[in-house]
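Just so you know, these numbers use all the heavy atoms, side chains as well, and skip hydrogens, waters and symmetry mates.
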Amino acid sequence: MNADSRSTRARRLAAPVGVLAAVAAAFAYVGAVDPNEPGHYPACPLLRITGLYCPGCGGLRSAHAVVHGDLPAALHANAVAVAGYLLFAVLWTVWVVHAARGRPLRLDPRPAYVWGAGALLLLFTVVRNLPFGGWLHP
């Protein structure tokens, strides 16, 4: 592999590596600064005003638990966030493979998938705010 092809590959991988560095830094910060301790992060405005949990409530606690290797606590804090972390890892890996091969990554999900994901997120939000959904509270 000559110097030109190495520099071309490095340029193609710069964006995915930069995104991974930013995400790793964010997870490292949340891992170091415990969201379970009051005063470290702002409160969710929806929870503060209405007392209702939004789909993101518990996401920081979930990330903190993932960093510390506590998957049951991460799932309890926000199961949807854990699924999002996994989805990010899969999409990032596909992006890196495409970039290394010099092919652009096209994400063009079918509308049914987008609507389905939105419906699942809405269902998660509604259930976690109902009396029998207490097991989904962060």
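When the side chains of ILVMFWY residues are joined at heavy-atom separations under 4.5 Å, either directly or via intervening members, V67 and V82 end up in a single hydrophobic cluster. No single ILVMFWY cluster, assembled from side-chain heavy atoms under 4.5 Å apart, contains both V80 and Y85. Cluster annotation: V66 and F88 are assigned to the same hydrophobic cluster (Ile/Leu/Val/Met/Phe/Trp/Tyr, side-chain heavy-atom contacts under 4.5 Å, transitive). Under a hydrophobic clustering in which Ile, Leu, Val, Met, Phe, Trp and Tyr are joined whenever their side-chain heavy atoms come within less than 4.5 Å, directly or via other members, F124 and L120 fall into different clusters.
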Derivation of the side chain to side chain contact (heavy atoms under 4.5 Å, CB included) call for R9 and L13: CA-CA 6 Å; R9 179 171 283 182; L13 293 174; 3.8 Å; yes

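Of all non-hydrogen atoms in A74 and A65, the two that sit nearest each other are N-CB, 3.5 Å. Closest of all the heavy-atom pairs between L121 and P55 is CD1-CB, 3.7 Å.
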Can you give each donor-acceptor pair under 3.5 Å made by side-chain atoms of residues 128-138, sequence neighbours left out, with the distance rounded to 0.1 Å?
| residue | atom | partner | partner atom | Å |
| --- | --- | --- | --- | --- |
| R128 | NE | L136 | O | 3.3 |
| R128 | NH1 | C54 | O | 2.6 |
| R128 | NH1 | C57 | O | 3.2 |
| R128 | NH2 | C57 | O | 3.1 |
| R128 | NH2 | L136 | O | 3.1 |
| N129 | OD1 | Y53 | N | 2.6 |
| N129 | ND2 | Y53 | O | 2.8 |
| N129 | ND2 | T125 | O | 2.7 |
| W135 | NE1 | F132 | O | 3.3 |
| H137 | NE2 | R128 | O | 2.8 |

Compile the donor-acceptor pairs under 3.5 Å between side chains in residues 43-50 and protein atoms, sequence neighbours left out, one pair per line.
| residue | atom | partner | partner atom | Å |
| --- | --- | --- | --- | --- |
| T50 | OG1 | L46 | O | 2.6 |
| T50 | OG1 | L52 | N | 3.1 |

Which donor-acceptor pairs under 3.5 Å do side chains of residues 15-37 form with protein atoms, sequence neighbours excluded?
| residue | atom | partner | partner atom | Å |
| --- | --- | --- | --- | --- |
| D34 | OD1 | N36 | N | 2.8 |
| D34 | OD1 | N36 | ND2 | 2.9 |

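For the atom pair CZ of R61 and OH of Y41, the computed distance is 11.5 Å after rounding to the nearest 0.5 Å. One finds the CH2 atom of W92 at 9.0 Å from the CH2 atom of W95 (value rounded to the nearest 0.5 Å).
For residues 104-121, the set of pairs meeting the salt bridge (Lys or Arg N to Asp or Glu O under 4.0 Å) definition, not counting sequence neighbours, comprises R106-D108.
Taking Ile, Leu, Val, Met, Phe, Trp and Tyr as members and joining any whose side-chain heavy atoms lie under 4.5 Å apart, directly or through other members, Y113 forms no hydrophobic cluster with any other residue. Membership of an apolar cluster is not assigned to V114, as no side-chain contact below 4.5 Å to another ILVMFWY residue is traced.
Scanning for ring pair (Phe, Tyr, Trp, His ring centres under 6.0 Å) contacts around H40 gives an empty result, with sequence neighbours left out. With sequence neighbours excluded, the residues satisfying side chain to side chain contact (heavy atoms under 4.5 Å, CB included) with L91 are L87, L107. Among residues two or more places apart in sequence or in another chain, the ring pair (Phe, Tyr, Trp, His ring centres under 6.0 Å) test is passed with H76 by none. Shown here are the salt bridge (charged side-chain N to carboxylate O under 4.0 Å, His left out) partners of R103, two or more places apart in sequence or in another chain: there are none.
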